[in-house]
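Read the structure below first, then the notes.
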There are 2 protein chains.
Amino acid sequence: MPAKPPTLILNAFEMACAGHICHGLWSHPRDETHRFGELAYWEEVARTLEEGMFDGIFFADGLGVYDVYRGDYEIALREGIQVPRLDPMLIVPTMAHATRHLGFGITSSVTYEPPYLFARRMSTLDQLTGGRVGWNVVTGYLDSAAKGVGLGAQPGHDDRYDRADDYMDAVYGLWEGSWDDGAVRLDRAGRTYVDPARVRRVVHDGPFHRVDAPHLCAPTPQRTPVLYQAGASDRGRRFAARHAECVFVMGPNRAVVAGIVHDLRRAVEEEGRDPYAVRVLAGLNIVVGATDAEARDRLAEYRLHASPEAGLAHFSATVGIDFSAYALDEPIRYAPNEGGRSALEAFTRRGGGKVWTVRELLDAMPLGSRVHTFVGSPEAVADELQAWRSEANVDGLNLIRTVAPESFRDFARLVVPVLQERGLVGARRAEGTLQRKLFGEADVLPASHYGSRFRGDGGRGRPD
Amino acid sequence: MPAKPPTLILNAFEMACAGHICHGLWSHPRDETHRFGELAYWEEVARTLEEGMFDGIFFADGLGVYDVYRGDYEIALREGIQVPRLDPMLIVPTMAHATRHLGFGITSSVTYEPPYLFARRMSTLDQLTGGRVGWNVVTGYLDSAAKGVGLGAQPGHDDRYDRADDYMDAVYGLWEGSWDDGAVRLDRAGRTYVDPARVRRVVHDGPFHRVDAPHLCAPTPQRTPVLYQAGASDRGRRFAARHAECVFVMGPNRAVVAGIVHDLRRAVEEEGRDPYAVRVLAGLNIVVGATDAEARDRLAEYRLHASPEAGLAHFSATVGIDFSAYALDEPIRYAPNEGGRSALEAFTRRGGGKVWTVRELLDAMPLGSRVHTFVGSPEAVADELQAWRSEANVDGLNLIRTVAPESFRDFARLVVPVLQERGLVGARRAEGTLQRKLFGEADVLPASHYGSRFRGDGGRGRPD
């Protein structure tokens with residue numbers, strides 16, 4: 001059974017765009033994120049992370065543009081708030097080819113694409129990367145994305161998760177149930193490339209999705225990619241408890257995140273799984289310098305280029321409240337959308353439940369982001385990470401970028417050696433798939449995971 | 001205006017699987033196509049083609065499995081007939097990163113994915129490859145693919161093309177109309193990443209597809225990828241006449257193909273375009289040796305590993321007739337499906353309209369493929385290509401692989417120098433996008449192309 005990992009999982013948080021979480025920093029003279037359309041840029045990032053002993057890189061993604069703040073997307077364009085944005089899937093193969101160990105988490109929504117197509121895309125990535133991909137399952141929440149694909153608005157929040165559960169059953173059938181191990185024979189003399197007796201048609205019949213076909217891909221190193229989830233609502237947590245193997249959490253401080261992690265691990269246990277069968281990674285902004293003073297100087301310099309208003313516009317879209325409708329010192333009488341309630345509550349909980357004003361929100365976003373920012377020397381950062389590990393019970397870090405790729409390089413150069421001295425980062429890498437690297441057990445989903453029920457003809461894939 | 005190109009366009013025909021067109025050759029001891037899941041393999045292929053002065057590589061793709069022959073897909077699995085198969089899009093970035101000039105044609109269907117998602121995928125590829133992608137527009141024809149995505153059967157043939165026309169209008173709006181040139185300012189001092197005044201929402205309202213959003217990607221080097229089409233039906237030709245910039249043709253001999261090309265160029269002209277605004281590439285099997293005798297020996301050796309029956313199973317799926325239902329010498333009273341009629345007629349026309357038997361079909365597929373196979377010395381191959389150019393009025397070659405990548409290497413090593421001596425292949429490469437390389441005009445769609453009407457606010461993208 002998985003135990004709490006002895007070392008910290010180090011993950012870099014990315015998106016195929018300029019402004020990701022810390023908004024406005026694209027305007028910093030050393031920031032290179034506008035190069036997100038160059039494969040050479042991503043190759044450099046991949047090598048920096050691999051040499052820096054990072055375990056993985058995780059790409060956020062989404063389809064819409066942020067148009068809640070002021071009711072349009074003008075500031076989203078002007079400040080490059082996750083737009084323009086490319087499809088991250090197409091960047092991953094080049095990063096994988098330049099590395100040997102780095103894992104790749106990819107966000108993709110279950111709302112817009114048939115499971116049969118998506119299953120092949122992920123199998124292709126798993127094959128090409130030698131079993132190093134993860135999938136962050138999201139349901140989509142922006143009406144602007146729904147409009148892009150021809151719908152008037154998103155389906156309701158809980159309905160989206162019901163659809164997502166159904167989607168998962170369909171792709172598990174394709175990944176786990178359609179092809180047995182050893183189906184690919186490549187027997188030249190016997191003229192048998194694939195043994196037909198070891199391939200079966202997957203028949204999945206609703207309630208929302210249908211499949212009636214064999215998977216197009218032979219078994220890949222992991223079959224099912226490592227499953228990530230970040231949903232913070234009650235329904236999202238139930239979904240994560242069943243499916244997720246890694247969960248990203250973000251919050252204003254350790255105490256708030258500790259509560260989130262506690263609830264999550266309990267939900268995982270209620271699902272019949274080991275509470276450490278889910279690795280929890282905390283999203284953090286970190287500004288490091290050789291000394292505390294240097295780190296503070298660096299923060300001050302970064303702040304000159306950040307845009308708290310852009311952070312506010314992003315936050316408006318997340319929670320579904322147009323903060324521009326408030327006067328600066330007017331209390332926010334918020335009625336956030338369903339997915340956003342938990343985000344807003346987690347954020348404002350650090351104020352002890354008090355009602356915030358927009359001015360206070362802006363003040364809390366010095367780097368254009370609502371996420372907690374820690375500033376300090378390498379030793380102070382290592383202390384902080386240890387504290388997050390012990391007090392918030394997280395397994396690792398999802399490092400948000402500030403000025404990039406400088407912030408990844410700084411972390412790798414300054415903090416990782418300290419973590420290694422303390423035994424929190426190993427000296428060597430484990431071999432095998434991302435699944436094996438994270439849990440040390442097998443290259444594929446463990447038998448205790450719900451998805452493994454779809455293996456062979458035990459699942460809904462009926463022998464053909 | 002485009003003229004007939006002075007040199008031959010050399011294109012390699014590929015698919016992300018083992019058995020593509022010449023079936024059974026996966027069992028040849030030197031065949032390496034089972035390595036299609038390795039990025040290193042595709043990098044080697046890309047370098048071979050780039051060094052061999054190829055202009056492009058074109059990936060076929062599809063979603064279904066071939067299950068018409070005998071009513072199941074047993075032989076498709078046993079002989080690896082285009083299965084297992086990966087998503088070719090994810091292979092292209094690595095091949096592009098390893099080359100500088102090679103173009104990439106990618107087949108993708110307009111039937112399964114919303115235009116808004118697909119437009120971003122292609123823009124991402126165009127950006128990452130520096131403007132070297134093409135899109136082969138297909139509508140899908142296999143009921144087995146429809147079942148995979150949860151439909152009972154494919155929509156009717158002409159209806160699919162009506163949907164495809166609508167899909168094209170939606171993606172033209174996103175690619176050509178949503179972002180003006182110069183929209184990305186990256187003005188750090190002025191805090192303007194994107195000028196909002198130069199981005200507009202695309203509003204496309206049916207009849208089949210809807211979009212109401214700005215494109216997620218800034219303008220890429222080509223904006224619209226070079227458009228390929230291979231439909232051979234009347235409705236397919238009308239579609240190609242409007243949209244296509246490259247068309248693939250396959251046929252049993254030059255005379256048959258000459259007729260197809262004549263009809264196509266006339267249809268292009270009727271659409272108000274220059275007949276040479278469409279580059280036509282002939283799909284050919286070529287087996288070359290240092291001498292005619294060596295080439296014949298090589299063919300004989302390849303034939304030992306080919307599977308004409310697998311070729312017949314593939315052909316069954318193409319035309320929608322189960323050839324296994326016929327006795328070997330029984331005349332085929334065919335009633336092919338709509339898309340397949342032209343394929344069968346083109347094939348059987350070389351028999352002067354006579355009714356074929358299955359035995360005769362098998363005899364006509366020595367390399368497990370119905371496509372014309374030419375065998376000879378480098379000079380003989382060059383003569384043959386010149387004859388195709390002058391008699392069938394094609395602009396280049398879509399080289400089908402036999403034993404691979406050996407057959408690409410052989411062509412590059414033996415035939416290309418002869419073509420260069422004859423001035424049919426240049427000594428140097430043109431710079432610029434694939435669009436510019438093919439037509440020598442601009443990096444983007446010419447003003448004479450239908451898609452250019454969607455530029456700026458002249459198309460259906462309404463200013464926001």
Side-chain angles (χ1 to χ4, degrees), chain A residues 16 18-19 24 26-27 29 34 37-39 43 63-65 73-74 77-80 83-87 89-91 93-94 96-97 112-114 116-117 120-121 123-125 127-128 144 147-150 184 186 188 191-196 199 209-214 216-218 307, chain B residues 16 18-19 24 26-27 29 34 37-39 43 63-65 73-74 77-80 83-87 89-91 93-94 96-97 112-114 116-117 120-121 123-125 127-128 144 147-150 184 186 188 191-196 199 209-214 216-218 307:
Chain A
W26 65 269
S27 68
H34 62 278
E38 299 173 32
L39 288 169
E43 205 172 44
L63 278 187
V65 287
Y73 45 74
E74 193 194 320
L77 289 167
R78 195 174 291 282
E79 286 287 355
V83 65
R85 171 161 90 245
L86 300 177
D87 183 336
M89 271 201 185
L90 295 158
I91 293 168
T94 299
H97 200 45
Y112 311 116
E113 197 179 9
Y116 186 60
L117 263 87
R120 184 175 72 139
R121 276 194 226 287
S123 290
T124 300
L125 280 174
Q127 188 67 45
L128 296 177
S144 60
K147 285 183 185 169
V149 298
V184 177
L186 197 58
R188 297 177 197 252
R191 289 216 74 86
T192 302
Y193 192 97
V194 173
D195 178 357
V199 180
H209 302 284
R210 290 169 66 196
V211 176
D212 179 5
L216 286 169
C217 307
S307 170
Chain B
W26 64 269
S27 69
H34 62 278
E38 299 173 32
L39 288 169
E43 205 172 43
L63 277 186
V65 286
Y73 45 74
E74 195 196 317
L77 290 168
R78 195 175 292 284
E79 286 287 355
V83 64
R85 172 163 88 243
L86 299 177
D87 184 337
M89 270 200 184
L90 295 159
I91 291 168
T94 300
H97 200 45
Y112 312 116
E113 197 177 11
Y116 186 60
L117 263 87
R120 185 175 70 139
R121 277 193 225 287
S123 290
T124 300
L125 280 174
Q127 188 66 45
L128 296 177
S144 60
K147 285 183 186 170
V149 298
V184 177
L186 197 58
R188 297 178 198 253
R191 290 216 73 84
T192 301
Y193 192 96
V194 174
D195 178 357
V199 179
H209 302 283
R210 291 170 64 196
V211 176
D212 178 6
L216 287 169
C217 306
S307 169

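Side chains included, hydrogens not; waters and symmetry mates left out as well; all remaining heavy atoms used. Just so you know, these numbers come straight off a predicted model, no measurement behind them. All chains are named by letter (A, B, ...) in the order of the sequence lines, taking the proteins before the strands, and each is independently numbered beginning at 1.
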Option in B:R78, B:E38, B:R210 with maximal non-hydrogen atom pairs under 4.5 Å from chain A | B:R78

Which bit of A:H34 comes within less than 4.5 Å of chain B, counting heavy atoms only: side chain, backbone, both or neither?
-> both

Part of A:E113 within contact of chain B (heavy atom distance under 4.5 Å) = side chain

Which one, A:A16, A:G64, A:S27, A:A213, leads in non-hydrogen pairs under 4.5 Å with chain B?
-> A:S27

With side chain to side chain contact (heavy atoms under 4.5 Å, CB included) as the test, would you mind laying out the steps for B:V83 and A:V194 before giving the verdict?
-> CA-CA 9 Å; B:V83 64; A:V194 173; over 6 Å; no

Side chain to side chain contact (heavy atoms under 4.5 Å, CB included) between A:H97 and B:H97: does it pass, once the steps are laid out?
-> CA-CA 11 Å; A:H97 200 45; B:H97 200 45; over 6 Å; no

Can you name the closest pair of heavy atoms from A:P114 and B:Y112 and give their distance?
-> CD-O, 3.4 Å

With rounding to the nearest 0.5 Å, note down the distance linking SG in B:C217 to CZ in A:R85.
-> 9.0 Å

On a heavy-atom basis, the closest approach of B:L90 and A:L128 is O-CD1, 3.7 Å

Check: A:Y193 side chain, B:P84 main-chain N or O, donor-acceptor pair, under 3.5 Å | no

Under a 4.5 Å heavy-atom cutoff, which of A:G80, A:G37, A:A18 has the most pairs with chain B?
-> A:G37

Selection from A:L125, A:I91, A:V211, A:L186 maximising heavy-atom pairs under 4.5 Å formed with chain B | A:L186

Side chain to side chain contact (heavy atoms under 4.5 Å, CB included) between B:R191 and A:E79, worked out = CA-CA 7 Å; B:R191 290 216 73 84; A:E79 286 287 355; 2.7 Å; yes

So CZ of B:R188 and CH2 of A:W26: to nearest 0.5 Å the spacing works out to 7.5 Å

Between CG of B:L216 and CG of A:L63, what distance do you get to the nearest 0.5 Å?
-> 6.5 Å

Between A:T124 and B:D87, is there a donor-acceptor pair closer than 3.5 Å when you use the side chain of the first and the backbone of the second?
-> yes

Output the distance between atom CG (B:L77) and atom OG1 (A:T192), rounded to the nearest 0.5 Å.
-> 10.5 Å

Which pair of non-hydrogen atoms, one from A:L39 and one from B:P93, has the smallest distance, and what is that distance?
-> CD1-O, 3.5 Å

Residues B:R121, A:R121; criterion side chain to side chain contact (heavy atoms under 4.5 Å, CB included); working and verdict = CA-CA 12 Å; B:R121 277 193 225 287; A:R121 276 194 226 287; 3.0 Å; yes

Would you check if the side chain of B:R120 reaches a backbone N or O of A:L86 as a donor-acceptor pair within less than 3.5 Å?
-> yes

Heavy-atom pairs under 4.5 Å with chain A are the metric here; pick the option from B:G150, B:P196, B:G24 that has the most.
-> B:P196

